[in-house]
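First up is the structure itself, then whatever we jot down about it.
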Amino acid sequence: FTMSRDKRQRQKAHCAAAETLRAYLDAGHDVAMLNLGDVSIYATFGYLQKLLEGQGYRTAMAAGVPSFCAMAARLNQPLTGGMDMPLTIAPGNAPLGQVLAAQGTKVLMKSGRQIPQVLDCLRQAGLLKRSAAVCNCGLPGEEVWPDLSSDSPAQDAGYFMTMFVK
């Protein structure tokens with residue numbers, strides 16, 4: 001799949017992928033799409049699912065471990081600390097002011113492209129000490145920043161960057 005920010009290019013790539021899969025499905029084969037994380041959270045599978053189901057094909061999903069849960073385990077920190085703290089999950093390009101204003105823990109998924117803006121916003125809000133980040137959690141090249149007030153990701157952190165703010 002293309003990682004382009006151009007919506008038309010992404011749509012064209014999704015349609016091409018669905019077309020490729022249809023050939024196998026029409027021949028009676030089962031097809032699987034492997035996914036890092038959970039297939040239901042900010043994952044490309046949703047686009048293919050919508051296209052294929054719209055054409056009458058049946059799909060099924062199998063749960064995976066979301067990156068933010070793997071990150072919390074890697075840092076040995078609970079995300080919520082109990083049933084009385086909300087958890088907000090947002091893509092890295094979400095409006096930061098809105099996300100940071102939410103009660104409880106905030107998770108910013110796939111936030112690598114926005115690192116400078118996120119760090120600046122966290123700094124201005126005085127939240128760096130209560131923030132952590134992991135890039136490529138559980139994968140080769142994993143990088144961990146348990147306290148963003150003392151160390152922070154590079155400006156060009158990768159696509160699989162997950163951050164949380166408590």
Side-chain angles (χ1 to χ4, degrees), residues 1-96 98-115 118 132-144 153 156-166:
F1 297 101
T2 181
M3 298 303 286
S4 171
R5 292 182 185 210
D6 183 308
K7 190 174 182 175
R8 288 178 304 208
Q9 281 187 336
R10 288 192 317 266
Q11 178 65 27
K12 185 177 175 182
H14 298 151
C15 288
E19 182 67 33
T20 298
L21 294 178
R22 276 196 302 274
Y24 290 97
L25 295 169
D26 289 344
H29 298 285
D30 290 333
V31 177
M33 180 177 171
L34 298 178
N35 195 79
L36 290 175
D38 187 89
V39 72
S40 69
I41 304 170
Y42 302 124
T44 306
F45 171 74
Y47 302 111
L48 288 179
Q49 181 183 35
K50 183 177 179 179
L51 288 169
L52 292 170
E53 285 183 353
Q55 296 167 3
Y57 296 94
R58 188 176 66 80
T59 66
M61 296 191 302
V65 177
S67 60
F68 55 90
C69 292
M71 175 187 170
R74 174 65 176 87
L75 293 168
N76 198 33
Q77 293 186 26
L79 286 170
T80 60
M83 294 298 292
D84 56 346
M85 185 186 294
L87 176 62
T88 299
I89 303 164
N93 63 354
L96 285 175
Q98 256 183 324
V99 174
L100 294 177
Q103 293 293 315
T105 302
K106 282 70 77 171
V107 173
L108 298 173
M109 296 183 63
K110 300 179 181 177
S111 53
R113 288 182 177 164
Q114 292 81 23
I115 288 295
V118 172
V134 177
C135 189
N136 299 319
C137 190
L139 299 171
E142 176 184 83
E143 295 182 82
V144 180
D156 60 350
Y159 177 73
F160 290 118
M161 168 68 66
T162 303
M163 302 177 81
F164 72 69
V165 182
K166 288 190 159 192

ring-ring contact (aromatic ring centres under 6.0 Å, His included) partners of Tyr47, counting only residues at least two apart: His14
What is the minimum heavy-atom distance between Gln114 and Lys110, and which atoms define it? OE1-O, 3.8 Å
Answer yes or no: are there more than 12 heavy-atom neighbours, outside Asp26 itself, under 6.0 Å from its atom CG? yes
Can you list every pair that meets side-chain hydrogen bond (donor to acceptor under 3.5 Å, both in side chains) and has a residue in residues 78-87, with sequence neighbours left out? none
Evaluate the criterion side-chain contact (heavy atoms from CB on, under 4.5 Å) for residue pair Asp30 and Tyr24; output intermediate values, then yes/no. CA-CA 7 Å; Asp30 290 333; Tyr24 290 97; over 6 Å; no
Hey, is CD on Gln55 packed in by over 12 heavy atoms from elsewhere, all under 6.0 Å? yes
Evaluate Met163 against Val107 for side-chain contact (heavy atoms from CB on, under 4.5 Å), listing each step before the verdict. CA-CA 6 Å; Met163 302 177 81; Val107 173; over 6 Å; no
Who pairs with Ala102 by side-chain contact (heavy atoms from CB on, under 4.5 Å), at least two apart in sequence or on another chain? Thr88, Lys106
To the nearest 0.5 Å, tell me how far Tyr57 OH sits from Leu21 CG. 9.5 Å
Suppose the criterion is salt bridge (Lys or Arg N to Asp or Glu O under 4.0 Å): which pairs have a residue in residues 67-80, not counting sequence neighbours? Arg74-Glu142
How far apart are the closest heavy atoms of Ala72 and Phe164, and which atoms are they? CA-CE2, 4.4 Å
So how far is it from Met33 CE to Thr44 OG1, rounded to the nearest 0.5 Å? 5.0 Å
Using every non-hydrogen atom in the two residues, find where Ala17 and Leu48 come nearest and quote the distance to one decimal. CB-CD2, 3.8 Å
Could you report the tightest heavy-atom contact between Val99 and Ala94, atom names first, then the distance? CG2-CB, 3.8 Å
Hey, could you give me the OG1/CZ distance between Thr59 and Phe45, rounded to the nearest 0.5 Å? 4.5 Å
Not counting sequence neighbours, list each pair that qualifies as a salt bridge (Lys or Arg N to Asp or Glu O under 4.0 Å) and has a residue in residues 40-56. none
Drop me the distance from Gln11's CD to Arg8's CZ, to the nearest 0.5 angstrom. 11.5 Å
Stepwise side-chain contact (heavy atoms from CB on, under 4.5 Å) check, Val134 with Phe160: CA-CA 8 Å; Val134 177; Phe160 290 118; over 6 Å; no
Check step by step if side-chain contact (heavy atoms from CB on, under 4.5 Å) holds for Thr162 and Leu108. CA-CA 6 Å; Thr162 303; Leu108 298 173; over 6 Å; no
Please list, chain by chain and in numerical order, all residues satisfying side-chain hydrogen bond (donor to acceptor under 3.5 Å, both in side chains) with Asp38, sequence neighbours excluded. Ser40
Value for CE (Met161) from CG (Asn136), rounded to nearest 0.5 Å, stands at 8.0 Å
Closest approach of Ser67 to Met109 (non-hydrogen atoms, all atoms of both residues): OG-CE, 3.5 Å
Once you round to the nearest 0.5 Å, how far does CE of Met71 lie from SG of Cys135? 10.5 Å
For the CG atom on Asp6, are there more than 12 heavy atoms of other groups (residues, nucleotides or ligands in this structure) within a distance under 6.0 Å? yes
